[in-house]
Structure formats: C-alpha cells, structure tokens
> 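Sharing a structure here in structure tokens format.
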2 protein chains.
Amino acid sequence: MKPRVGIADVAREADVSTGTVSNVFNRPEIVAVHTRNRVLSAIERLGYVRSENARVLRGQPSRIIAVLVHDLTNPYCMTLVQGAEEAARAAGLAVMVYTSPRNTAEEARCLALLTEHEIRGVLITPADTSDDFMAALPRSGIPCVLMDHDARPGRPRVCSVAIDDVTGGRLAVQHLLAAGHRSVGFISGPPHLPQVARRRAGALEAVAHAGLPATALRELDCPAMTVAAGRSAGRRLLNVTNRPTALFCAHDLLALGVLHELNEAGLRVPSDVALVGCDDSAYASSASVPLTSLQRPGRMVGATAVRLLEAETSLPDGEHDHVQVVLTPELAVRRSTAARDAHSSLQHRL
Amino acid sequence: MKPRVGIADVAREADVSTGTVSNVFNRPEIVAVHTRNRVLSAIERLGYVRSENARVLRGQPSRIIAVLVHDLTNPYCMTLVQGAEEAARAAGLAVMVYTSPRNTAEEARCLALLTEHEIRGVLITPADTSDDFMAALPRSGIPCVLMDHDARPGRPRVCSVAIDDVTGGRLAVQHLLAAGHRSVGFISGPPHLPQVARRRAGALEAVAHAGLPATALRELDCPAMTVAAGRSAGRRLLNVTNRPTALFCAHDLLALGVLHELNEAGLRVPSDVALVGCDDSAYASSASVPLTSLQRPGRMVGATAVRLLEAETSLPDGEHDHVQVVLTPELAVRRSTAARDAHSSLQHRL
DNA sequence: TTGTAGGCGTTATCAC
DNA sequence: GTGATAACGCCTACAA
C-alpha cells in the first residue's frame with residue numbers, strides 16, 4: 001500500500017506551495033496560467049486525488065446524499081432511487097441508499113450513520129410509522145426532502161415532491177367514462193394509504209363531473225397490493241350483480257390478478273371489461289393484455305428531490321423557502337382499455 | 001446552525017481529557033467504569049456524534065462500500081443491491097450506489113468519486129465493456145469484489161461471487177425430462193452473454209445424461225430478454241414441425257412472452273407445453289400461469305460479496321487470498337410445469 | 001488509569 | 001500571484 005499522495009507532494013513536484021495547489025482547484029482564476037499548468041501536470045504525473053474527508057472536515061459541504069426508501073425491491077421505490085442517482089451523478093454527488101428504519105433502534109442506528117458521515121441531506125419516502133423519525137431528522141440539522149408525500153398542509157418545514165394522485169384518479173376514470181362506460185369499479189388497496197385515498201377522490205370527481213351519481217363508482221376493497229389480492233377481487237367481482245364494465249385498480253399487480261381471474265372465467269379484456277392499473281410498472285406493459293396504467297413519474301420525483309436538496313443546501317441557513325413540488329401523472333393508454341368492438345358496443349346499448 | 005459538538009466538548013463536560021473520551025469509543029476496556037459512565041452520560045447529554053471524516057482522515061478504515069450495477073431498475077440488479085445493503089447495514093457499513101460507467105469519461109468520474117471518498121471497497125457486476133475499468137480499479141488500490149461473474153480462471157486477482165449457471169441449466173432441463181418430456185426447446189437470449197451460454201451447457205448435460213441425443217434440445221435464438229422477443233419466439237415456435245413439449249427460457253420475460261403467444265394460439269400451459277423461466281423475478285410468480293423458474297440467489301450474492309469485502313479489508317495488505325464463491329441456483333417449481341393431466345399424458349403416449 | 005501533543009490533508013487568512 | 005500557517009475533529013504514542 002503506497003502512502004497516499006497529498007497536496008504537499010504535488011506542491012513539491014510543481015515547486016509551488018500547498019496553498020497554490022489548493023487554489024488551482026478552488027479558485028483557478030486567481031492563479032497564473034503557467035503556474036496552473038505546472039500544477040496540473042504534477043497532479044497528473046503523481047495521480048493525485050483529493051481527500052473528500054479532509055475537505056468536509058475543513059468545513060466544505062459534503063458531496064453525499066442519502067436516499068431512504070421502504071423497500072429496495074419495490075419497483076416504484078427503485079425508480080425514485082434511479083432518478084436520484086442520475087441527478088446526483090450529474091451534480092457530482094454520491095448517493096447512499098438505506099432502507100427506512102422500522103423501529104426505534106433502527107432509527108437510532110440510521111440517524112447515527114447519517115450524522116456521523118456528515119451527509120449533505122436526505123431524500124426520504126416517509127412511512128406512516130416514521131413520524132418521530134421525521135421529527136428527529138430536522139432536529140439533527142440534516143436537510144431533508146420528502147418524496148411522494150406532501151408535507152403537512154400547515155407550515156411546511158421541509159421541501160417535498162409529491163405526485164398529484166387526485167388528478168391521477170380523475171384521469172383514469174375520465175378515460176373510462178369517455179370510452180362510454182357508465183359503471184366503474186374501483187379496486188382499492190389498503191384504505192389507509194393516502195395515495196389510494198386521493199386516487200379515489202379523483203375518481204369520484206370524474207364521476208361527478210360527468211353528471212353521474214356517486215354510485216356509478218363501485219368500490220371493492222383489497223387488503224394488499226398483490227396479484228393474489230387482485231385475483232380474490234376478481235372472483236368477488238364475478239358474482240356482483242350489475243357488474244361494472246370497467247375497473248380502475250389501485251395498482252398494476254391488482255389489475256394483473258383481476259385480469260387473470262376474468263380470463264379464467266371466460267371474460268375478455270377489454271371487450272367485456274376494461275382495465276386500468278396504476279404505477280405503470282413493467283408488469284403493465286408485459287401483461288398478456290397490455291394494461292393501460294397511471295404513470296407515476298418516480299424518476300422525476302427522485303431527480304427533482306435532488307435538485308431541491310441542492311438548492312436548499314447551497315444557500316445559507318434560513319434563507320431557503322421550503323417548496324412543495326407536485327408532479328402530474330399521465331395515463332399510459334394500452335390495449336386493456338381499447339375501444340370496444342361493434343359487438344360489445346351493441347351489447348352496451350341494450 | 002449550532003457549532004458541532006466535538007470530542008473536546010464532551011471531555012470538558014465529563015471533566016476528563018479528550019484522549020479518554022476517544023478511548024471510551026475505541027478501547028472501552030482500558031477506561032475505569034465510573035469514568036466511562038461519566039463520559040457516556042456527557043455524550044448523551046450533549047448529543048455528541050463522531051465525525052467519520054476525521055476518523056478516516058486519521059487513518060481508520062472507511063465505513064462506506066460502493067455497489068456498481070448496470071441498471072438500478074433491473075429486478076435482478078436490485079436483489080444484488082438489496083442483499084448488499086442488508087449485509088452492510090448489519091455490519092455497520094453504508095452503501096453507495098452507482099450505475100456502472102458506460103464510457104471512458106464516466107469511468108474517470110466514477111473512479112474519482114470512489115477514490116476521493118476513500119471508499120472501503122467496491123462491489124461490481126462487470127459488463128463486457130468495462131474490462132479497462134476493471135483493470136483500473138485494482139491499480140487505484142480499491143479492493144473489489146466481482147458479483148455474478150467468476151474471475152478469470154487463470155490467477156484470480158480479486159474475489160468474486162458467481163452463480164453456477166451450468167447447474168442451473170441442468171436443473172431446469174432435468175426437471176422437464178423427469179416429467180416425461182423428450183423434446184425440449186431452449187429459448188436463448190443474446191448469445192454472447194456468458195450466463196446464457198452456461199445455462200445452455202447445463203441443459204445439454206442434462207440431455208446427454210438422460211441418454212438422449214443432443215438434438216433433443218432445440219434452440220431458438222432471441223435478440224433480447226424482453227416480452228416482445230418472447231412473443232416473437234412463441235410465434236416462430238407455432239410453425240415448428242415436431243414442436244417441443246417443453247421450453248426452457250433464458251429469462252422470465254421471454255417465458256412470459258411465449259406464454260402469451262401460446263395462449264392466444266389456443267395452446268395451454270402446462271398441458272400442451274411446459275414452461276420454465278429464469279431469474280425467478282416477480283414476473284414468474286405473478287404470471288397468469290405461475291411460472292416454474294430458475295431461482296438465482298441475487299440477494300445472497302450481494303450479501304456474500306459484502307462479507308468477502310469485509311474479510312479482505314480487515315486483513316493487512318497482501319495477507320488475503322482472493323476467494324471465488326459459487327452459489328447454486330434452485331428451481332422454484334410452479335404450475336407452468338405441473339404434471340400433465342390424464343388427457344395429455346395419453347396424448348403424449350400416442 | 002488518565003493527560004498531552006502531534007499529525008492526518010485540506011482550506012482560508014494573512015503577509016509578502 | 002504566491003507562500004507560510006492555523007485550524008477542522010479525531011486517534012494514538014508516550015509521558016505522567
């Protein structure tokens with residue numbers, strides 16, 4: 001292990017002082033061209049690399065941001081991480097990943113890790129359980145941006161990037177209503193999830209706006225966002241009187257389960273039932289009938305969060321107004337809601 | 001912004017010297033119990049956190065490892081990251097993620113990032129393109145563990161954790177042969193991928209071992225590992241004379257595409273055609289017919305890689321023998337290869 | 001068992 | 001424009 005080559009070695013090699021070498025990096029404009037070139041070639045020759053640790057020890061801002069997500073294998077979470085990583089890389093920042101702490105002990109360990117490394121800031125998708133953690137973060141002085149979650153309406157103490165799920169729900173149901181459906185089922189996920197609640201609100205808005213009674217939206221609860229739960233919902237659906245001709249599912253996996261079950265019962269998508277999923281995960285496009293799906297711009301959320309964090313941390317303390325960004329989802333239209341053919345149109349008219 | 005509370009503040013508060021405070025962390029046993037307690041309570045009171053930067057600046061080993069993968073949204077890569085993150089967290093290490101550099105400029109930036117942060121080591125899934133990068137890493141002195149890739153057979157200069165894909169291919173085809181199939185199709189991916197080549201080798205082994213001619217394995221090339229490519233393969237398959245009764249696909253997505261296409265042509269899985277996928281991604285279990293799939297233990301690869309890196313970096317330089325770990329995949333058996341019913345058994349006998 | 005002091009590599013402030 | 005020098009916060013001989 002060769003001893004690390006430092007700024008002093010470069011200085012000696014280039015026959016200048018350490019201060020000048022430092023200036024070559026930090027204020028290139030104030031050092032004479034020929035001196036600078038001498039220094040640069042010395043750096044090259046010696047293969048010198050700066051020590052980030054010494055930099056931040058000396059008080060420079062850290063170049064590391066942390067991303068906390070619930071589950072690294074969740075495709076949506078990964079789009080957040082991906083967006084963050086891309087934006088961070090472009091900004092010369094490194095990304096540390098961490099799965100959100102699930103109990104007080106983990107919270108302490110996590111907080112220790114973040115503070116000990118003097119992280120630049122944290123991007124986090126808060127869980128319902130982590131309210132105390134969310135409170136501890138600002139107390140520790142670590143800047144923090146919320147992802148996929150709008151800050152408390154009152155006075156925002158942090159920045160956030162959310163997705164407008166109300167609009168999302170509205171888009172999905174409007175699309176179905178525009179195709180002529182008059183009865184839409186909403187296959188919901190766990191009811192306590194705020195995202196789901198907002199999609200429902202949007203769905204109701206669309207129904208109301210079309211002049212239909214609220215009962216035109218029929219709800220079917222699901223305990224979880226899984227294929228199995230979707231299958232079970234699909235089975236229940238088969239026995240429903242006056243079955244809806246279109247379904248909006250709170251997640252692609254639910255839609256997938258429903259799709260399988262409908263197919264097995266001999267019903268066709270989209271001719272018998274139209275189907276809209278949510279999240280536009282790879283599942284949607286790879287389903288046996290490609291699913292129309294509400295596309296939630298996770299990558300953009302991650303990237304925007306990085307930018308907000310950068311903005312916040314490059315300003316002196318207190319001079320930053322916390323800002324809440326809301327991104328709008330789009331509907332990726334695919335075969336599962338294709339216009340119904342003549343036969344089923346006729347059927348509909350009867 | 002309150003000024004950081006340092007070791008000196010703690011020392012003052014506990015009425016000891018800074019050296020003693022440091023000892024409380026680094027060699028607790030040599031400091032008297034009552035002194036230690038006084039220090040600990042002072043730490044608690046002041047909310048002191050160590051500065052990792054100062055620690056490693058002083059020569060302590062870094063507590064950060066980097067994980068380089070091709071694509072953060074690739075489900076398999078995610079399992080690698082997940083495994084690494086879990087193991088790292090358990091070991092008190094932080095994980096930095098980075099998408100593998102795609103050109104020389106990115107390589108330089110990446111190398112700079114890693115060296116400037118004085119990373120403890122790197123876990124990497126090497127791409128075919130990154131040979132020069134792979135050479136640059138050890139030159140920079142950063143310890144490195146290869147994931148899903150065995151080191152060059154000659155003299156290994158790094159540790160590696162690979163998956164025994166030959167055995168994997170053998171397992172898959174043995175399973176099919178044991179179910180009575182006598183003609184198996186191999187839907188391969190891009191032929192240059194070494195993993196695919198090895199799975200094919202294993203498949204051929206199984207065929208030979210069963211006393212069948214090599215022609216019992218029929219190959220169908222696919223340009224990519226996507227659903228679309230799988231559909232196209234499925235269509236080609238329909239016109240093949242003497243169609244195989246079982247298929248081993250080099251990836252779940254291929255299998256999914258094949259499944260869709262077979263279904264649309266009125267063929268049933270598994271009664272008409274049995275289907276085995278690969279990677280055991282979530283796609284496999286969530287397919288309309290849950291897919292039997294070759295389960296590649298990505299999480300374990302990531303976790304093992306962390307352990308190897310830890311072992312390597314906690315030994316003095318040169319005293320470490322690079323070790324190549326090979327993990328064995330397992331077959332997750334599901335409905336797509338369920339025993340065929342009486343009817344199709346009969347059909348088979350004819 | 002505890003205290004003291006030097007140095008890790010960098011940046012910033014001052015003289016020159 | 002450039003050079004010397006004092007921090008930053010911590011660890012570890014070595015001295016007491």
Side-chain angles (χ1 to χ4, degrees), chain A residues 1-40 42-43 46-64 92 112 115-120 141 316, chain B residues 1-40 42-43 46-64 112 115-120 141:
Chain A
M1 199 70 159
K2 47 182 180 264
R4 190 188 176 85
V5 10
I7 210 174
D9 304 291
V10 176
R12 204 175 317 114
E13 174 86 6
D15 199 32
V16 295
S17 77
T18 62
T20 302
V21 177
S22 176
N23 283 336
V24 167
F25 280 109
N26 300 38
R27 304 119 95 179
E29 63 283 2
I30 77 158
V31 33
V33 220
H34 61 282
T35 319
R36 187 166 54 199
N37 287 336
R38 236 178 35 245
V39 171
L40 286 175
I43 286 171
L46 268 47
Y48 162 78
V49 286
R50 287 150 103 181
S51 161
E52 184 72 12
N53 288 302
R55 282 170 56 82
V56 343
L57 181 57
R58 195 57 187 68
Q60 302 292 319
S62 165
R63 290 181 195 276
I64 304 181
T115 51
E116 289 182 5
H117 283 280
E118 270 152 296
I119 296 294
R120 168 82 151 269
Chain B
M1 200 72 159
K2 47 181 181 262
R4 190 189 177 84
V5 10
I7 211 174
D9 304 291
V10 176
R12 205 175 317 116
E13 174 86 5
D15 199 31
V16 294
S17 75
T18 61
T20 303
V21 177
S22 177
N23 283 336
V24 168
F25 280 110
N26 299 47
R27 307 120 97 184
E29 63 283 0
I30 77 158
V31 32
V33 221
H34 61 281
T35 318
R36 186 166 53 201
N37 287 335
R38 236 179 33 245
V39 171
L40 287 175
I43 286 171
L46 268 47
Y48 164 76
V49 286
R50 288 150 102 182
S51 160
E52 184 73 11
N53 289 302
R55 281 170 57 81
V56 344
L57 182 57
R58 192 58 186 66
Q60 303 290 324
S62 164
R63 289 180 196 276
I64 305 181
T115 52
E116 289 182 4
H117 282 279
E118 270 153 298
I119 297 292
R120 169 81 151 270

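Reminder, nothing fancy here: chain letters follow the sequence lines and each chain counts from 1.
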> Taking OP1 and OP2 of C:dT1, is either one under 4.0 Å from a side-chain nitrogen or oxygen of B:T35?
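No, because none of the side-chain N or O atoms of B:T35 sits under 4.0 Å from OP1 or OP2 of C:dT1.
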> Would you say the side-chain atoms of B:D9 pair up with the backbone N or O of B:G6, donor to acceptor, closer than 3.5 Å?
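Checked: pair present.
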> Assign each of B:V31 and B:L57 to its nearest nucleotide of DNA chain C by heavy atoms, then name whichever residue's nucleotide is nearer the 5' end.
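The residue mapped nearer the 5' terminus is B:V31.
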> Without decimals, in angstroms, what is the distance between B:E29 CD and C:dT1 P?
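From B:E29 CD to C:dT1 P: 11 Å.
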> Check whether any side-chain heavy atom of B:E116 lies under 4.5 Å from a side-chain heavy atom of A:R55, and answer yes or no.
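No, their side chains stay 4.5 Å or more apart.
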> Kindly compute the distance separating CD (B:E52) from CD (B:E118), expressed to the nearest 0.5 Å.
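If we round to the nearest 0.5 Å, B:E52:CD and B:E118:CD are 11.0 Å apart.
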> With sugar-phosphate meaning primed atoms plus P, OP1 and OP2, does B:V16 contact a base, only sugar-phosphate, or nothing at under 4.0 Å between heavy atoms?
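Counting heavy atoms under 4.0 Å across all strands, the contact made by B:V16 is with sugar-phosphate only.
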> Would you say that A:P28 contacts A:R36 through its side chain, given a criterion of any heavy-atom pair below 4.5 Å between the two side chains?
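A side-chain contact under 4.5 Å exists here.
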> Using atom CD of B:E118 as one end and atom C1' of C:dC8 as the other, report the distance to the nearest whole Å.
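So the CD-C1' distance, B:E118 to C:dC8, works out to 10 Å.
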> Could you give the CG-to-C1' distance, from A:N53 to D:dA7, as a whole number of Å?
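Interatomic distance, CG of A:N53 to C1' of D:dA7: 17 Å.
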> What is the distance, rounded to the nearest whole Å, between atom CG of A:L46 and atom C1' of C:dG9?
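Those two atoms, CG and C1', are 15 Å apart.
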> Could you tell me how far apart A:N37 (CG) and D:dG1 (P) are, to the nearest whole angstrom?
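About 14 Å, once rounded to whole Å.
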> Using atom CD1 of A:I43 as one end and atom P of C:dG9 as the other, report the distance to the nearest whole Å.
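Between P of C:dG9 and CD1 of A:I43: 16 Å.
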> Do A:R27 and A:E29 touch side chain to side chain, with heavy atoms closer than 4.5 Å?
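Yes, at least one pair of side-chain atoms sits under 4.5 Å.
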> Can a donor-acceptor pair be found, under 3.5 Å and without considering hydrogens, that links the side chain of A:T18 to the backbone of A:I7?
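No, A:T18 side chain to A:I7 backbone: no donor-acceptor pair under 3.5 Å.
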> Reading nucleotides 11-16 of chain D 5' to 3', which nucleotides get B (base under 4.0 Å from a protein heavy atom), which S (sugar-phosphate only), which -?
BB----
